[in-house]
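Bear in mind that the values here come from a model prediction, so they are computed numbers and not experimental data. FYI, side chains are in, hydrogens and waters are out, and symmetry mates aren't considered; it's all heavy atoms of this structure. Order of appearance sets the numbers: ligands from 1, and atoms from 1 within every ligand.
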Amino acid sequence: MIKKAVDVALNEQINAEFHSAYLYLSMSAYFLSEGLAGYANWMRIQYQEELTHATRFFDYVNERGGVVKLTPIGEVQVDFSGVVDVFEKTLIHEKIVTGLIDRLMEISIKESDHATKSFLQWFVDEQVEEEANVDQILRNLKLIKGEGQGMLMMDREMQTRVFVDPFAGAKA
Ligand code: FEO
């Protein structure tokens, strides 16, 4: 049976992951409104990935005999000042999520919950990758400096991203 402090923190993380999904879907909508289909696609897939994170936490709470309590998802930004602005905000957001995962890990250690520590390790590693990916996109954008040809090429590259369920085949 899961301890109360861990149950509460995991429930907060379910909400945070849905909030991330909502934010990235909002960014996707912004890109669509700007006629940037490739960037919109990248954010749409980011949204889908966040949904898998949320449901993985959801399933884990249930597996451990905890109680899932879904709470309202906070408002997200709907307007942005360009592609660089969106990815800068994405990087800031992912760093916040990394902090939340680290905090969850600390709570699990404090509560001697080894199963949750093991479960969280995937997310610790995922956050390293998430931050690195967004940082690389930002570096590329800064090299292009908003130049039309480069922006278009990058938009086409972003269009090639496909969704792969990271938990496909994993126990529900
Ligand atoms: Fe679920 Fe982008 O971290």
Side-chain angles (χ1 to χ4, degrees), residues 2 6-32 36 38-64 66 68-78 80 83-109 113 115-141 157-172:
I2 207 161
V6 179
D7 182 280
V8 168
L10 287 169
N11 266 286
E12 285 169 1
Q13 195 60 33
I14 293 172
N15 185 281
E17 299 290 348
F18 277 124
H19 183 253
S20 298
Y22 205 40
L23 174 65
Y24 296 141
L25 193 59
S26 179
M27 288 171 168
S28 184
Y30 165 75
F31 283 138
L32 284 174
L36 296 165
Y39 294 99
N41 172 64
W42 196 95
M43 277 300 169
R44 174 87 172 215
I45 286 158
Q46 194 71 5
Y47 152 77
Q48 287 176 285
E49 281 197 358
E50 297 301 347
L51 289 182
T52 69
H53 297 171
T55 48
R56 188 70 194 99
F57 276 101
F58 177 99
D59 290 338
Y60 181 73
V61 171
N62 284 304
E63 280 166 22
R64 295 290 312 282
V68 169
K69 288 178 186 142
L70 295 178
T71 51
I73 300 168
E75 202 172 337
V76 292
Q77 190 168 341
V78 294
F80 302 89
V83 179
V84 171
D85 179 43
V86 170
F87 282 97
E88 278 175 347
K89 284 183 172 125
T90 300
L91 187 57
I92 290 167
H93 185 78
E94 285 302 329
K95 285 182 177 174
I96 291 169
V97 174
T98 299
L100 294 175
I101 298 288
D102 287 346
R103 177 181 155 268
L104 244 176
M105 185 64 103
E106 280 155 24
I107 292 168
S108 307
I109 291 166
D113 187 339
T116 301
K117 274 162 53 190
S118 171
F119 167 79
L120 286 173
Q121 190 57 50
W122 185 89
F123 288 93
V124 171
D125 299 338
E126 171 71 4
Q127 283 311 119
V128 173
E129 204 182 307
E130 291 247 31
E131 285 190 30
N133 288 344
V134 179
D135 190 53
Q136 187 58 54
I137 290 168
L138 267 175
R139 282 167 192 265
N140 292 348
L141 284 169
E157 197 185 313
M158 303 291 256
Q159 185 79 64
T160 63
R161 187 182 187 194
V162 291
F163 173 64
V164 179
D165 185 344
F167 305 111
K171 188 174 173 284

- Who passes side chain to side chain donor-acceptor pair (under 3.5 Å) against E12, sequence neighbours left out? R103
- Query: When you check the space around atom 2 (Fe) of ligand 1, which protein N, O or S atoms turn up under 2.8 Å?
  - Reply: E50 OE2, E94 OE1, E94 OE2, E130 OE2
- Mind checking what makes side chain to side chain donor-acceptor pair (under 3.5 Å) contact with Q121, not counting sequence neighbours? D125
- Note on the structure: Residues at least two apart in sequence or cross-chain that pass side chain to side chain donor-acceptor pair (under 3.5 Å) with R139, listed by chain then number, are D135
- Message: Within the 3.5 Å criterion, strictly below it, is a donor on Y60 or R56 matched to an acceptor on the partner's side chain?
- Response: no
- S26 and Q77: side chain donor to acceptor below 3.5 Å: no
- Task: Say whether E17 and Q13, considering side chains only, have a donor N or O and an acceptor N or O under 3.5 Å apart.
- Result: yes
